[in-house]
Amino acid sequence: MIATTIESAKNMKLLSISFDVANSTQLKTTISEVAPSHERKNELLHQYYRYLTKIETELYIKASRAGINLKHLFLVKNIGDELWYVYQFDDEGGVPASVLELILIAGDIVGRSVSFVVSERGLTLTEEMDYERMPAIVEKRIGTAVKCFVDILDDYIDFSLDRIHTVTNELERLIQTETQSKGLQEAYTELIKNLSPSLHLGVITETGKTIKHDGIRFDPIGHDVDRFFRTAKFALPGVVTIGQRLFVLLQADHTNHEVKIRYKHSLLNYQFAYYNFIERHIAKKELKGIGYSYSVYYLLIACGDGLLRLGCREPDPLKETRRLLLRHSFLKRRLLRNYVSRISQKTAFFTPNLQKWTRL
């Protein structure tokens, strides 16, 4: 018997969420170049992966505090510094508040940038603060920020169950071919138990002569999955990027730069939220193999702290995002200049208490 935890129901939809880190490749390359030993390289990589773990834990803790059932949130794949989740929800009668809550939580996660100090050895606090005065120490600073892309999956199929059946059947044939003793069932059971963790064959439980595979990893494939990852490449750090399918599902109305989101607060109660956004239309030729053009929408629901902090000695992970905001008048060069020169501004471009961006 093989069990899976993703339910199939008429009104069930999958919210697909990916997190990625801008400048991650450059950070890891710099670590390889600067670290003088394998031990130091591992120390620096552990610092980076602790940062990645915080992305996961923040998502789980904030989702739980918001009343979201974590049993409906599935980590499909964790490939290095890329996380891919799906969240199952019922949209009968409207999009539930949990979907908007997850988007807002993603906004909190992408709203912070981190500057990593990559040095040949561990630095004291004084050395780290006054690194410009320490020319004898080989060190570089790499700025990183989180990108998040969210969209809906409709056209997909999960072959996880078929995969388990096929793999275990072939392994059983292998046992029958190579084992001449009478203990074929025992040998097969032992093999499956030993290989299950490394080959992702689920959690094995044995009842008599029956082997049960539970906790099988949900792994969808299909057109929507391909489109999701093609369009995810256009996500920008410091903002939450959502796909066209999700935007259409959420919107009650929108103008050129503001969307009115309608969500189901309770059984018969609906609420609305307003957020600024910037649309980017992606041409068909840019989405290789998808077959049509598509749009992504940068929801301006968080204030990326690095959007105003211009680093002088490190790669800027938010440069492209800042250019987008400048081009659409959500950010003014005058404000940047005044911020850098520490001249106070009374007209902030982001109002935290309203969770809303405002043009200057």
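Nothing here was measured: the structure is a model prediction, and the numbers come from that model. Positions are given from 1, in the same order as the sequence printed here.
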(request) Start with the C-alpha distance between T144 and F116, add both sets of side-chain angles, then the distance that settles side-chain contact (heavy atoms from CB on, under 4.5 Å), and finish with yes or no. (result) CA-CA 8 Å; T144 63; F116 282 91; 3.4 Å; yes
Sub-3.5 Å donor-acceptor pair from the side chain of [X] to the main-chain atoms of [Y], do we have one?
X    : Y    : answer
T57  : K54  : yes
T321 : P237 : yes
Q244 : S295 : yes

Are [Y] and [X] connected in a single hydrophobic cluster, I mean Ile/Leu/Val/Met/Phe/Trp/Tyr linked by side-chain heavy atoms less than 4.5 Å apart?
X    : Y    : result
L326 : L300 : yes
I164 : I221 : no
V86  : F229 : yes
L44  : Y49  : yes
V110 : Y60  : yes

Taking side chain as C-beta onward, heavy atoms only, is [X] less than 4.5 Å from [Y]?
X    : Y    : answer
I109 : C148 : no
E56  : N78  : yes
L102 : Y85  : no
V99  : V150 : no

Taking all heavy atoms of [X] and all of [Y], pick out the closest pair and write down the distance.
X    : Y    : value
L70  : S64  : CD1-CB, 4.2 Å
D90  : E92  : OD1-N, 2.9 Å
I152 : R245 : CG2-NH2, 3.8 Å
R40  : P36  : CG-CD, 3.9 Å
W84  : S16  : NE1-OG, 2.8 Å
Y48  : S24  : OH-CB, 3.2 Å

(request) Compute whether any side-chain donor of one residue and acceptor of the other, for S98 and Y87, lie under 3.5 angstrom apart. (result) yes
(message) Testing the 3.5 Å rule here: is there a donor-acceptor pair between the side chains of N42 and H38?
(response) yes
Run the salt-bridge test on [X] and [Y] with the 4.0 Å N-O cut-off and return the result as yes or no.
X    : Y    : value
K28  : D81  : yes
K147 : E320 : no
K62  : E58  : yes
K264 : D91  : no
R227 : D155 : no

[atom1] of [X] to [atom2] of [Y]: how many Å apart, nearest 0.5 Å?
X    : Y    : atom1 : atom2 : result
I157 : D224 : CD1   : CG    : 11.5 Å
L199 : L171 : CG    : CG    : 7.5 Å
N256 : I278 : CG    : CD1   : 12.0 Å
L201 : N194 : CG    : CG    : 11.0 Å
L59  : F19  : CG    : CZ    : 5.0 Å
N23  : L27  : CG    : CG    : 8.0 Å

(message) K41 vs S32, test: side-chain contact (heavy atoms from CB on, under 4.5 Å). Steps then yes/no.
(response) CA-CA 7 Å; K41 178 182 176 181; S32 296; 3.9 Å; yes
(message) Taking salt bridge (Lys or Arg N to Asp or Glu O under 4.0 Å) as the cut-off, I'd like each qualifying pair that reaches into residues 272-293, sequence neighbours left out, listed once.
(response)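 Of all non-adjacent pairs touching residues 272-293, none passes salt bridge (Lys or Arg N to Asp or Glu O under 4.0 Å).
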(message) Please determine whether salt bridge (charged side-chain N to carboxylate O under 4.0 Å, His left out) holds for the pair R322 and D316, giving the CA-CA distance in whole Å, both sets of side-chain angles, and the decisive distance to 0.1 Å.
(response) CA-CA 10 Å; R322 194 180 300 110; D316 183 3; 2.6 Å; yes
(request) Applying side-chain contact (heavy atoms from CB on, under 4.5 Å), run through T241 and F234 and close with a yes or a no. (result) CA-CA 8 Å; T241 310; F234 296 88; 5.9 Å; no
(message) Which residue in the set L153, L249, L246 passes side-chain contact (heavy atoms from CB on, under 4.5 Å) when paired with L15?
(response) L246
(message) Counting neighbours of NE2 on H281 that are heavy atoms of other residues, nucleotides or ligands and sit closer than 6.0 Å, is the number greater than 12?
(response)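 Yes.
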(request) Could you point out which residue of F277, Y298, Y275, Y294 forms a ring pair (Phe, Tyr, Trp, His ring centres under 6.0 Å) with F247? (result) F277
(request) Step by step, work out the side-chain contact (heavy atoms from CB on, under 4.5 Å) result for I68 and L73. (result) CA-CA 9 Å; I68 297 172; L73 181 69; 5.9 Å; no
(message) Test of understanding: with side chain to side chain contact (heavy atoms under 4.5 Å, CB included), list the residues that count as partners of T30, not counting sequence neighbours.
(response)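 T30 satisfies side chain to side chain contact (heavy atoms under 4.5 Å, CB included) with Q26, V34, V118, K140, I142 only.
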(message) Can you list everything that forms a side chain to side chain contact (heavy atoms under 4.5 Å, CB included) with D253? Sequence neighbours excluded, please.
(response) K260
(message) Ring-plane angle category for F228 and F149, please: parallel below 30°, perpendicular beyond 60°, tilted otherwise.
(response) tilted
(request) Tell me, with the steps shown, if Y292 and H223 meet ring-ring contact (aromatic ring centres under 6.0 Å, His included). (result) CA-CA 12 Å; Y292 51 84; H223 174 76; 5.6 Å; yes
